[in-house]
Number of protein chains: 4
Amino acid sequence: MLSPVLRPGFIQLRVLDIEAAIVHYRDHMGLDLVSRHDGRVYLKAYDEFDRHSVVLREADNVGVDVMAFKMASQESVEELRRNLDRRGIVHEVIEPEEQPGVGERLRVHMPTGHLFDFYATMALSDNGPMTDNPELWRDDPKGMRIIRFDHCALLGDEIDAAAEILIECLGFSVTERVVDPDGENIAIFLSCSNKAHDVAFLKAPVKGKLHHASFLLESWADIGHAADLMARRDIKIDIGPTRHGITRGQTIYFFDPSGNRNETFSGGYHFYPDNPTRVWTTDKFGKGLFYYEQEVVESFVGVYT
Amino acid sequence: MLSPVLRPGFIQLRVLDIEAAIVHYRDHMGLDLVSRHDGRVYLKAYDEFDRHSVVLREADNVGVDVMAFKMASQESVEELRRNLDRRGIVHEVIEPEEQPGVGERLRVHMPTGHLFDFYATMALSDNGPMTDNPELWRDDPKGMRIIRFDHCALLGDEIDAAAEILIECLGFSVTERVVDPDGENIAIFLSCSNKAHDVAFLKAPVKGKLHHASFLLESWADIGHAADLMARRDIKIDIGPTRHGITRGQTIYFFDPSGNRNETFSGGYHFYPDNPTRVWTTDKFGKGLFYYEQEVVESFVGVYT
Amino acid sequence: MLSPVLRPGFIQLRVLDIEAAIVHYRDHMGLDLVSRHDGRVYLKAYDEFDRHSVVLREADNVGVDVMAFKMASQESVEELRRNLDRRGIVHEVIEPEEQPGVGERLRVHMPTGHLFDFYATMALSDNGPMTDNPELWRDDPKGMRIIRFDHCALLGDEIDAAAEILIECLGFSVTERVVDPDGENIAIFLSCSNKAHDVAFLKAPVKGKLHHASFLLESWADIGHAADLMARRDIKIDIGPTRHGITRGQTIYFFDPSGNRNETFSGGYHFYPDNPTRVWTTDKFGKGLFYYEQEVVESFVGVYT
Amino acid sequence: MLSPVLRPGFIQLRVLDIEAAIVHYRDHMGLDLVSRHDGRVYLKAYDEFDRHSVVLREADNVGVDVMAFKMASQESVEELRRNLDRRGIVHEVIEPEEQPGVGERLRVHMPTGHLFDFYATMALSDNGPMTDNPELWRDDPKGMRIIRFDHCALLGDEIDAAAEILIECLGFSVTERVVDPDGENIAIFLSCSNKAHDVAFLKAPVKGKLHHASFLLESWADIGHAADLMARRDIKIDIGPTRHGITRGQTIYFFDPSGNRNETFSGGYHFYPDNPTRVWTTDKFGKGLFYYEQEVVESFVGVYT
């Protein structure tokens with residue numbers, strides 16, 4: 001099955017202090033602030049066509065409200081709805097303009113406790129990439145030089161059931177899995193595109209938690225630049241610069257002022273649906289997680305929002 | 001329409017001196033020599049799962065025999081066949097094992113004079129990427145450190161008709177176009193994936209010609225390394241290192257010993273089918289072609305095989 | 001003899017339009033504007049301790065007024081004066097504060113028609129590199145991310161005589177030479193440090209001409225970024241990104257709005273005074289000049305100010 | 001005073017298993033094995049002119065036998081000898097050819113318990129950098145692509161007295177210092193060149209210990225490649241890729257099979273003797289040590305040979 005999902009479209013995160021979050025996501029990370037509306041702040045990266053890709057909502061607790069995917073067509077959204085009905089999976093409709101510029105969304109209550117939205121229309125940005133005799137960029141990329149919001153990793157208990165929905169109803173492929181000695185999946189990486197992952201599930205006895213929201217950089221050189229900028233501005237680096245064995249991405253993890261984990265990454269292989277699934281066993285999970293350190297860093301797997 | 005085409009699968013090129021070609025493609029470019037069979041040499045890049053992606057055939061003239069695409073399933077090949085029949089487009093069947101390890105191919109005679117093959121099965125390579133607790137690579141990439149065969153650019157007259165087949169029958173998207181003052185397309189870039197192009201057509205009053213076969217590198221750093229290696233080994237560089245305005249790829253063009261143009265490139269944007277098409281006009285074509293030089297280099301557009 | 005010359009300290013260039021020059025050197029190249037004084041504009045790069053390293057003077061013709069070198073001590077300046085006297089080489093004293101913050105300079109009239117100043121004191125900059133628990137930089141480097149003014153290349157007739165002064169009186173080493181078939185030097189590269197060159201002389205039947213003023217970047221990655229920025233802002237690139245065979249530097253040449261040639265470069269080998277001199281012959285001069293293009297580009301050698 | 005010391009010339013290390021060490025230094029790090037002689041193995045990096053820069057001696061304990069510096073002339077060695085005599089510092093003569101190709105060395109018994117050799121002559125290598133129409137390199141650099149042996153860091157008690165010898169007798173500059181709350185130096189970085197350090201002393205209640213021997217890479221891109229190679233070949237990484245606050249170098253630390261710590265690094269600022277000394281206080285030492293991690297890693301400061 002060809003996946004009718006184009007890409008992760010946006011993520012809505014809860015932050016404790018919206019002004020501090022703006023400094024972090026706009027000034028340090030370099031995202032464009034699109035608008036403030038209805039208690040939320042909308043941002044996008046310089047190389048994204050759609051209106052926004054990151055939504056911050058001030059709240060008294062942190063984490064992820066919703067992870068949303070752009071689909072190829074409204075027909076594919078309708079097909080998904082029918083499929084969910086057949087399977088008895090809980091879903092609901094989010095009305096158009098609940099976020100400015102975003103059409104109707106089909107919200108799926110995932111077995112891991114996460115809300116996944118699927119939609120086919122979002123307004124184009126006023127300052128997306130140029131299309132008439134386009135320059136490389138409108139302005140020299142700012143801050144960490146983020147290209148786009150790329151993916152997220154989520155923690156929950158029923159990760160096999162969650163993956164099954166994406167695979168069976170939406171044509172996602174499993175690119176990599178980590179299995180414990182009993183053969184149970186403890187991590188599943190899924191792609192709807194040529195990326196090594198568009199979403200990842202990490203098994204934990206929790207519901208609806210966020211491990212990290214990830215943003216694409218151009219190269220290892222920009223990873224180095226981002227690390228310089230983080231250190232200069234005293235942004236706490238969780239780990240990195242390093243490389244993942246899983247996906248092969250080059251990465252830095254750090255935290256926003258509210259404690260939500262961010263990732264900037266580059267590289268990683270290109271995936272095609274006919275590629276074999278890569279499988280990791282727990283004895284090599286350390287190398288899969290961090291290829292250079294070759295060990296499971298407890299603070300990395302144990303801290304989430 | 002979602003494209004059922006996964007990727008450019010292989011290209012078969014004609015070379016004048018097969019031994020010199022092996023030195024070039026294996027020793028300088030760093031491809032693995034898979035086998036010699038039936039007057040042909042089969043090669044692959046280190047990060048490709050399938051058996052081969054480049055086929056060299058010794059002949060008394062140079063150029064491209066066939067450009068072949070891997071499809072998601074045999075059903076999608078059959079669907080293409082019916083579609084071609086309806087449209088009255090000439091096609092034929094190439095029997096399995098005409099190339100070792102390759103299943104049945106549906107060969108389309110394109111209006112530009114090129115042969116495009118579509119197939120759903122190829123044997124996996126013995127030394128493709130690892131899948132059990134996979135290392136980054138089996139061995140440190142050799143030569144120019146090529147990741148994969150990526151795309152080709154072809155010259156012909158009926159480029160709109162050729163593009164129409166890929167768009168209408170195979171779900172390709174037009175990522176970029178160059179239009180002359182009369183509004184006619186003089187170059188069309190097409191994608192079946194998240195790449196800025198999987199194949200490009202350049203208009204010229206010829207049939208079945210090759211402009212270049214292109215190979216992916218990891219980064220601008222590897223572009224620099226490849227240029228160093230080319231200069232050190234006195235491989236003639238056509239142009240580069242530079243950047244394209246079109247696709248934004250960072251690139252070097254050079255020639256194999258028979259005069260077929262090769263490209264090594266990195267970067268470029270990620271494409272999604274909902275992205276607007278980028279359009280270039282002839283007055284800015286120079287910047288589209290080579291973003292740094294900002295001019296149309298005659299030897300670049302006028303030399304092909 | 002150990003060279004008592006520390007480094008190229010500053011260069012004073014003539015420009016036709018000082019406002020356009022400020023846009024170029026400050027906004028595009030990213031130098032800090034230190035002050036305007038006495039019809040001149042003073043600038044520095046972010047990683048330089050001294051007050052200024054580039055001086056622009058508005059005039060009705062372009063080129064270089066003076067190339068100045070910082071020496072290790074006033075005693076070494078005095079020793080130079082005595083040495084010049086013994087040799088009968090014309091020199092004069094430039095009074096302190098002729099440029100703000102700069103001490104007395106010993107001006108040498110070089111046989112090539114250039115003015116070379118030697119001085120031991122310049123005021124420290126207010127925003128040079130930090131020294132107490134120093135951060136990597138005060139602010140993220142701007143524009144082309146230039147680290148420092150690095151060297152210049154000059155055209156003139158009596159290049160052997162000019163080089164002799166630097167070698168005999170000032171302990172410079174010849175790092176590389178280009179010789180014509182008669183064994184005459186047509187280019188001489190000289191170092192007073194661990195750099196592959198601090199100044200270069202190119203033979204031409206002229207007096208006192210500038211080929212280029214060169215600025216250091218961190219890496220090939222920053223060379224790529226600078227090329228992107230130049231193209232985006234329609235700054236005319238003369239040649240590059242490419243690599244020199246001579247010095248091995250990775251480079252881009254471009255012009256300021258008045259037509260003075262600038263270079264941004266990175267890399268190149270580290271030189272020690274016990275290293276052998278590298279010698280190029282005219283048949284390989286093309287590769288020495290531009291390692292990738294492997295040819296002498298006439299516009300490059302024939303255009304100067 | 002201008003330093004008559006050109007550079008760190010070679011280091012002689014003790015290893016437990018010479019065959020394992022050869023695999024590490026030659027095959028993994030990519031140094032050329034020059035010769036085996038008298039129980040010792042001599043190696044050099046591809047971009048060094050002199051015969052060798054690393055000497056490995058099999059022994060039943062590990063660490064550093066001697067750190068040796070190349071001087072500008074035999075006269076400067078003699079001047080040093082007189083200076084040491086005046087100061088009553090213990091020294092001795094090592095006869096020519098004690099190491100093949102190396103002339104007479106003046107050995108200084110440093111107050112920190114280290115042996116420092118100073119010499120003016122070493123035979124040129126047969127495969128050093130080319131000098132007649134030189135190519136970038138003879139062969140594509142191997143392994144970690146090390147350019148040269150660069151510096152070492154040493155542990156000992158009397159670090160101020162050791163530094164004083166280098167400063168007073170040999171014209172070294174202090175580039176950076178770390179001071180404790182009592183104003184005592186706990187680390188001193190010294191340069192005889194344009195490098196941020198040619199040798200460093202770290203205070204510890206020991207004599208003659210090695211913290212690490214360091215090797216230069218070209219860029220952050222090569223740091224990434226070296227990390228990939230280390231992980232692929234299961235070479236234990238101590239820390240990195242990261243950046244130092246002190247010197248600003250980008251770095252990876254790892255161990256040879258005997259437990260001697262190696263560093264590969266790139267970047268860092270260029271130093272001139274008129275630059276102010278950078279001073280770190282203990283509260284910021286973490287950031288000075290590892291700019292990204294911003295903390296003193298105990299295993300890093302506590303493990304040495």
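Quick note on labels: first sequence line is chain A, next is B, and so on, each numbered from 1. Since the structure is predicted, the reported quantities are computational estimates derived from the model, not experimental observations.
Note that CG of D:Asp234 is 6.0 Å distant from CD of B:Glu135, once rounded to the nearest 0.5 Å. One distance of note links NZ of B:Lys142 with CG of D:Asp140; it measures 12.5 Å at 0.5 Å rounding.
Both the backbone and the side chain of D:Asp228 come within contact range of chain B, judged by heavy atoms closer than 4.5 Å. With a 4.5 Å cut-off on non-hydrogen atoms, D:Trp137 touches chain B through its backbone and its side chain both.
The two residues B:Arg232 and D:Arg138 have their closest heavy-atom pair at NH2-O, 2.9 Å.
Options D:His225, D:Arg145, D:Arg233 differ in how many heavy-atom pairs under 4.5 Å they form with chain B, and the most are formed by D:Arg145.
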